[in-house]
Amino acid sequence: MRILQEKDREEILRYVGEEPEMNLFFIGDIETFGVESETVNIYVHEERDRWDFLILRFHQYFLLYSRYEDYNAGEAVEFFKGQRPDCISGKTSLLEKIAPAFPQWKIQSTYMSRCNRVADSFETPAGLVIRRLELRDVPEAMGLLSEIQEFSKTYKKSELPEQTRRMEEEMAQGCKAAVGGFLNGRMIATASTSAENSESAMVVGVATAKEHRGKGYASAVVAALCRDCFERGKKYLCLFYDNPVAGRIYNRIGFQELGEYGMLR
């Protein structure tokens, strides 16, 4: 394993560019933070006259990518055991090869989907006011996310101050955008982007207050967020979902499934 440098940027981007949807976080972090920083480092394992796999560190979150299903998983395991990661993300098929070495963790696998344009037939529910969020809205958005049971491991109330600060920083830097859906002045739905880069972004943090579910509010804020991104010049957007019902909803907006992406934690 060796650490890559800024002079390797173009070769890194060519390598991960084989599957840009699966590597949005790679591309976004490189464009935002560079190849060498306190926040991001990128490592390569070379074998058989090729770059066998890459690992990106973002704080203590790690991304694993290889073009090859027969990559040297043992070398990746040895690297991760020396790093104490909070989470390892990547294509599910790649994570499955290292998962046995981490019996305390499980792979949380989701479907990766892509949207090139919002379907013309999609309409906003009556009465819902949707707008792009500003920095002053971040605490309310984070509070909503922390109340969602499905996000209990991601948005812990004990960690909200730090997560709120990080989201504010990312929005200020232009690598994250967010929208909210409001009823009577209260935010009841939200969605945001992550890993924004010059061509694309990942849609994340899609949530609706429990008492307002089933009315199409989350779909509406996702559609609004997508339109905002396309107006800003993004060529495509990606999104994770983990069940067929969600898949059908996102299909109506304009997303199509590409494959499985997972988090090992």
Side-chain angles (χ1 to χ4, degrees), residues 13-31 56 63-69 89-96 107-125 128 130 132 148 150-151 154 175-181 189-208 213-264:
L13 291 175
R14 281 195 298 270
Y15 188 89
V16 300
E18 290 284 313
E19 296 180 281
E21 300 88 357
M22 294 292 180
N23 289 305
L24 271 184
F25 294 111
F26 252 102
I27 298 167
D29 285 348
I30 290 171
E31 288 191 4
L56 181 145
L63 307 178
L64 168 67
Y65 178 69
S66 176
R67 291 179 177 177
Y68 313 104
E69 290 295 325
S89 300
K91 290 173 62 177
T92 298
S93 61
L94 301 179
L95 295 183
E96 287 174 342
I107 297 176
Q108 298 172 313
S109 189
T110 57
Y111 296 103
M112 171 76 79
S113 58
R114 171 174 170 150
C115 178
N116 296 324
R117 64 186 295 271
V118 177
D120 294 333
S121 60
F122 191 85
E123 298 181 359
T124 300
L128 186 70
I130 300 177
R132 187 171 182 178
I148 306 300
E150 295 88 341
F151 292 154
T154 303
C175 55
K176 177 182 281 290
V179 299
T190 187
S192 61
T193 62
S194 182
E196 286 216 16
N197 60 67
S198 55
E199 293 195 348
S200 59
M202 182 72 69
V203 177
V204 298
V206 180
T208 306
R213 293 182 178 179
K215 301 176 183 178
Y217 296 150
S219 301
V221 296
V222 169
L225 180 63
C226 292
R227 291 190 185 101
D228 175 82
C229 289
F230 292 137
E231 289 172 1
R232 290 189 288 115
K234 305 302 182 190
K235 295 181 179 178
Y236 66 92
L237 300 170
C238 291
L239 179 148
F240 300 123
Y241 65 87
D242 59 7
N243 65 74
V245 174
R248 289 193 292 272
I249 291 172
Y250 294 131
N251 287 161
R252 289 200 294 271
I253 296 173
F255 285 88
Q256 297 297 322
E257 181 186 324
L258 297 176
E260 292 188 54
Y261 190 92
M263 293 188 293
L264 179 63

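Everything quoted here is computed from the prediction, not taken from an experiment.
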Would you please test F240 and Y261 for ring-ring contact (aromatic ring centres under 6.0 Å, His included) and show each step?
CA-CA 8 Å; F240 300 123; Y261 190 92; 5.0 Å; yes
Considering residues at least two apart in sequence or located in another chain, which fulfil the salt bridge (charged side-chain N to carboxylate O under 4.0 Å, His left out) criterion with E150?
R213
Taking side-chain hydrogen bond (donor to acceptor under 3.5 Å, both in side chains) as the test, write out the residues that go with E257, two or more places apart.
Y241
Among residues at least two apart in sequence or on other chains, which ones pass ring pair (Phe, Tyr, Trp, His ring centres under 6.0 Å) with Y68?
none
How would you list, by chain and number, every residue that makes a salt bridge (charged side-chain N to carboxylate O under 4.0 Å, His left out) with E260, sequence neighbours excluded?
none
Please tabulate, one pair per line, all N/O donor-acceptor pairs under 3.5 Å involving side-chain atoms of residues 215-226, not counting sequence neighbours.
none

Would you please name every residue forming a side-chain hydrogen bond (donor to acceptor under 3.5 Å, both in side chains) with E69, sequence neighbours left out?
S93, K97
I'd like to check the side chain to side chain contact (heavy atoms under 4.5 Å, CB included) partners of E96; sequence neighbours left out, ordered by chain and number.
T92, I107
Results of side-chain hydrogen bond (donor to acceptor under 3.5 Å, both in side chains) for T193 - residues two or more places apart only
E196
Please enumerate all residues that pass ring pair (Phe, Tyr, Trp, His ring centres under 6.0 Å) together with Y236, with sequence neighbours excluded.
none
Sequence neighbours left out, what passes side chain to side chain contact (heavy atoms under 4.5 Å, CB included) with D120? Give chain and number order.
R117
Hits for ring pair (Phe, Tyr, Trp, His ring centres under 6.0 Å) against Y250, two or more places apart or cross-chain, chain-then-number order -> none
Partners of R227 by salt bridge (charged side-chain N to carboxylate O under 4.0 Å, His left out), sequence neighbours excluded?
none
Distance check, rounded to the nearest 0.5 Å: L239 atom CG versus M202 atom CE?
8.0 Å
